[in-house]
Amino acid sequence: MTDKKIKFIFVTGGVLSGLGKGIAAASMGNILKARGYKIYMQKLDQYINYDAGTLNPGEHGEVFVTDDGAETDLDLGHYERFIDENLTQDSSVMTGRVYSDLIAKERRGDFLGKTVQVVPHLTNEVVSIIMRGAEKANADIAVVEVGGTVGDMEGFYYLEAIRMMKNELGPNRIMYCHTVFLPYLKSSKEVKTKPAQFSIRDLQGIGIAPDIIFCRSDHAVNKSALDKIARASSLPPTHVIPLETADTVYEVPLTLENYDLGKIIEQKFDLEEKEPDLAEWRELVGKIKSDKREINIGIVAKYTTMEDTYICVFESLRAAGWHHNVDVNIKWIDAEDLASPNANVAEIMFGCDGYVIPGGFGIRGIEGKISAAQYARENEIPFLGLCLGMQVAVIEFARNVLGLAKANSEEFNAKTEHPVIHIMEYQRTIANKGGTMRLGAYPAVLKKGTRSYDAYRQTKISERHRHRFEFNNKYRRDFEKAGMVLAGISPNNELVEIVEIVDHPWYVGVQFHPEFKSRPNRPHPLFRDFIGAVIRSSTLLTVNEAKEDRQKAIV
Ligand code: GLN
């Protein structure tokens, strides 16, 4: 226990899900960190899952991985990008884990003779999880997002827990921010506030009076709508902040700052008012919004409908683009299209300046991904393979360069003649699927003179992992002889972490997920250099040429 009087900001949501509460929460973290406060962030999720590891990324979005190996909701990725801190297991809380901890205590005999109830036992458990996380991080201010929507059956105990905390810690250590949605009615050409008002009433009905309301809308929110919401929530109009859908999510902290939210928070918490240092962030947003030339990056995947599935990959590509002053257009390439027997691979792959094969599991679309890797290799187009993408590059090289036509991963054919990718030895006996992969940060040592070394400019690196299969060491020499360099190896020399093709503009496959460590203003070195190679090898116009071109078009 620390003596520090940590302040807590709780972010709830109303009306509908998918409002971008995570971005609002992360943006608050951002402007508070810019004032010098130590920020901690946490997400409370309602699912009865123990963690996000077994969720389908095609439906729920990417599974984010922390350094300490937690498989979490993708909002943690937003938090890390906005507050530039590495979070841990403590930051991701799901109902399954809360119950599991509580039941373990009951079995131990902590509640002997008593019935164990939602209130107070489950709610106390939540309070202690929230307090513990913030204390361990030595935070000044913790921003805690409550998943789901107020009124959901499942989330009630979280709301009860955060309500109780105000009683326990006192009003000047707790702040509630409620995010609502204002739908637009075309016929009357206005945004409507009634659902938001009901949601605020729901929240008040369970004893939580919000201090701030964020009004999300796809349309301009006029003053009279904001006034109505202020009245419904008994707040001064300054505490009702419109958040119209922004051109870039990275602009949200600046919007909050424009509405003086930083100051409002400091006043609420009796903190001395500080000037935020947002210079670097403003520069980033300026860069993002400026005119740039565009490059097309093909993402070869089996889920091709939702950006959230590979959100960190996209954010890493974009950030690398901003670094080089280009805009990255994402082009989805459906791996299954490439795999169909009469697919014209060149036609499907056409039009991209570089290709990425992201992580994945299962056999669907694999043959298509192998064709994509072959296309990028043979046509000398920059290529970045992430985890499964690296494994695919290895299989392709084995089949088409080493002549091992039946080469495969044991994941897709357990009895393959040439298991160039095979299951890690210690994984063979693991039966449970949840939380049992090789997870989290592990070191690797880079070979000098490789693309990877050029990118990192250091020999020792640490990256986040999430896999069961690995490069089969039996084939190391064959690959190296044929021109695939093992550019990164685990320090004990047991596990191949990076493969590269020497005779190619830029062809790198990594067994880890660099996308989890990229930040908007500090793109990951591999993504940075991948985009750099794309720019070098593409025949696109320069920024100035593109500008002239646009001006000509306007005239
Ligand atoms: N399915 C592969 C493995 O388990 C790759 C995993 C991934 O891409 N994250 O090794």
Side-chain angles (χ1 to χ4, degrees), residues 51-58 60-67 69-74 76-77 299-304 308-314 316 335 355-370 372-373 383-396 398 407-414 416 419-442 444 463-473 475 488 490 494-499 508-518 524 526-527:
D51 59 29
T54 56
L55 295 180
N56 177 344
H60 297 277
E62 170 189 82
V63 178
F64 187 75
V65 179
T66 55
D67 271 342
E71 297 175 285
T72 80
D73 183 85
L74 59 82
L76 261 76
I299 305 284
V300 187
K302 74 173 173 187
Y303 302 116
T304 54
D308 274 357
T309 308
Y310 308 106
I311 182 80
C312 284
V313 177
F314 293 163
S316 304
Y355 297 97
V356 174
I357 302 184
F361 297 85
I363 193 168
R364 185 158 71 84
I366 280 301
E367 291 302 319
K369 292 179 190 175
I370 292 172
F383 170 90
L384 176 60
L386 306 169
C387 204
L388 179 72
M390 171 264 197
Q391 298 176 354
V392 160
V394 166
I395 299 168
E396 189 279 315
N408 213 335
S409 162
E410 284 180 351
E411 184 178 2
F412 316 124
N413 177 0
T416 175
V420 286
I421 301 293
H422 68 168
I423 190 144
M424 281 180 276
E425 197 46 45
Y426 82 98
Q427 286 278 338
R428 281 189 198 278
T429 48
I430 292 176
N432 277 358
K433 292 276 184 261
T436 57
M437 280 188 254
R438 179 172 180 252
L439 289 168
Y442 286 94
E463 291 286 356
R464 299 182 191 174
H465 295 71
R466 183 172 185 248
H467 65 122
R468 289 186 208 285
F469 296 83
E470 62 168 344
F471 184 99
N472 186 343
N473 289 330
Y475 294 91
S490 62
E494 274 178 11
L495 200 138
V496 174
E497 292 275 5
I498 308 179
V499 297
V508 177
V510 293
Q511 186 53 82
F512 46 85
H513 291 275
E515 67 270 27
F516 295 144
K517 288 180 72 171
S518 192
H524 188 284
L526 287 175
F527 280 90

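We count ligands from 1, going down the list as the structure has it; atoms in each ligand are counted the same way.
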Self-check item: Minimum side-chain heavy-atom gap Q427-E470 below 4.5 Å
Solution: no
Practice problem: Only heavy atoms count here, so choose which of Q427, R468, Q511 is nearest to atom 3 (C) of ligand 1. | Solution: R468
Quiz prompt | Best match, E411, M437, H467, M390: closest heavy atom to atom 2 (C) of ligand 1 | solution = E411
Self-check item: Between H524 and E463: side-chain donor-acceptor atoms closer than 3.5 Å
Solution: yes
Please determine if [X] has a nitrogen or oxygen closer than 3.5 Å to a nitrogen or oxygen of ligand 1.
| X | result |
| --- | --- |
| F469 | yes |
| G359 | no |
| R466 | yes |

Quiz item: Salt bridge or not for E497 and R438, using N-O below 4.0 Å?
Solution: yes
Self-check item: E410 and R428 ion-paired at < 4.0 Å
Solution: yes
Self-check item: Side chain, backbone, both or neither: E470 near ligand 1, heavy atoms under 4.0 Å
Solution: neither
Quiz item: Taking the six-membered ring for Trp, are Y310 and Y303 parallel (under 30°), tilted (30 to 60°) or perpendicular (over 60°)?
Solution: tilted
Exercise. Among all protein heavy atoms, pick the one closest to atom 5 (C) of ligand 1 and tell me residue, atom and distance.
Key: G360 O, 3.4 Å
Self-check item: For E367, side-chain contact (heavy atoms from CB on, under 4.5 Å) partners two or more places apart
Solution: A339, I370, R399
Practice problem: Give the atoms of ligand 1, by number and element, whose distance to some non-hydrogen atom of C387 is under 4.0 Å. | Solution: 5 (C), 6 (C), 7 (C), 8 (O), 9 (N)
